[in-house]
There are 2 protein chains.
Amino acid sequence: MSQLDKTDILILNQIQENARITHAELAKAVNLSTTPCYNRIKAMEEKGLIKQQVTLLEAEKLGLTLNVFIHVTLEKQVEEALQSFEEAISDRPEVMECYLMTGDEDYLLRVVVPNMKALEKFILQYLSKIPCVASIRSSFALKQVRYKTALPLPEQGLTLHLD
Amino acid sequence: MSQLDKTDILILNQIQENARITHAELAKAVNLSTTPCYNRIKAMEEKGLIKQQVTLLEAEKLGLTLNVFIHVTLEKQVEEALQSFEEAISDRPEVMECYLMTGDEDYLLRVVVPNMKALEKFILQYLSKIPCVASIRSSFALKQVRYKTALPLPEQGLTLHLD
DNA sequence: GCTGAAACGTCCTCCAC
DNA sequence: GTGGAGGACGTTTCAGC
């Protein structure tokens, strides 16, 4: 068990928004010098708190204009069926997110495609052919109002839940 | 109007996965030298294709274990109501994603919170108090099967849709 | 438009305080 | 935790193909 203090949270919030911030800028932003910044980041990396640094692209400008939410129900909710569905889904680049859900339907997918034809192809030629898929229901996003990757960290610091 | 060739797509795919890749590594990965890599990235930045470089954190280890999808319906779908709802929602750090949807319900939110108490607080003290909100329906993710930020780019290159 | 190398600037890392 | 300093590295530019 370990703790993160306010400064750690500040650092995480900075790097969440900007992966290329330099230690010097970061130090300035959190009112510290570069050395403790460096040490804190290193410690948090070793704890496995930092997953990945990625570049976000402009989907619209790249012609990826359709955001579709697809609800999938399986025929039987046995462990084996779930696992094979999850594996099948993870191969497809269109599938941005996938959640196993409570309620009537089993999975919720967010899929990004350039147009209806690509969606049709994904659903008919791929999704519907995965064994155990019983029903598929799509709903469309008219507009992406908000999309962010920065997690809501508590401002006061927190106790870590490490394995 | 401009085009992206296969090499541009390769570069974008590399930086989508790794924001800190160096031009030297990138050059190696796409079979080029550093100069054209540098020039191509610069050109794509100027076209506004690259939005942001961010750090992804491990939500579970930070105690942010609840992913909740909240469906919101407004009393009336007039422009004004939509706009004020969207503004209100954009202030809240818990709201990771928000989409204006087709179908019976108006908005779909993905909210991340540490526990049920925080969810309750968000819904009762905040969401339900936004004017024009008629109904709220939540469903829970039992498991985040997949979450990625890398867009599915066509491998053969593409024509850009610039303003 | 690409290559390769060279120069420049900056960042990381360590150490003494 | 501070501040400075060395070495390493990444970025950027340039001549040449």
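Every chain is numbered from 1, with letters handed out A, B, ... down the list of sequences.
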Worksheet item: Taking the six-membered ring of F122(A), is the NZ or CZ of R92(A) close enough (under 6.0 Å from the centre) and on axis enough (within 45°)?
Response: no

Worksheet entry | Y38(A) OH - dC14(C) P separation (whole Å) | 5 Å

Response to the item:
Sorted by number, residues from residues 17-33 of chain B placing a heavy atom under 4.0 Å from DNA chain D are T22(B), H23(B)

Discussion item. Side chain to side chain donor-acceptor pair (under 3.5 Å) for T73(B) and E105(B)? Distances and angles first, verdict last.
Written reply: CA-CA 5 Å; T73(B) 312; E105(B) 286 157 322; 4.7 Å; no

Discussion item. Taking the side chain as everything from C-beta on, heavy atoms only, tell me whether N31(B) gets closer than 4.5 Å to L10(B).
Written reply: no

Worksheet item: Can a donor-acceptor pair under 3.5 Å be found between the side-chain atoms of T34(B) and the base atoms of dG4(C)?
Response: no

Worksheet item: Would E60(B) and T65(B) count as having a side-chain donor-acceptor pair, cut-off 3.5 Å?
Response: no

Practice prompt. Can you figure out which of dT3(C), dG4(D), dT13(D) approaches the side chain of T35(A) most closely?
Written response: dG4(D)

Worksheet item: Just wondering, are more than 12 heavy atoms of other shown residues or ligands nearer than 6.0 Å to CG in D104(A)?
Response: no

Discussion item. With a cut-off of less than 4.0 Å, is there a side-chain N or O of R40(B) near OP1 or OP2 of dC2(C)?
Written reply: yes

Discussion item. If you compare all heavy atoms of E75(A) against all heavy atoms of V133(A), which two are closest, and at what distance to 0.1 Å?
Written reply: OE2-O, 4.0 Å

Fill in: Contact summary for Q16(A) and T149(A), nearest pair of heavy atoms
OE1-O, 4.0 Å

Worksheet item: Does DNA chain C take part in any stems of at least 3 consecutive Watson-Crick or G-U pairs (both distances under 3.5 Å), and if so, which ones?
Response: C:1-11 with D:7-17, C:13-17 with D:1-5

Worksheet item: Which pairs with one or both residues in residues 15-34 of chain B pass salt bridge (charged side-chain N to carboxylate O under 4.0 Å, His left out), sequence neighbours excluded?
Response: none

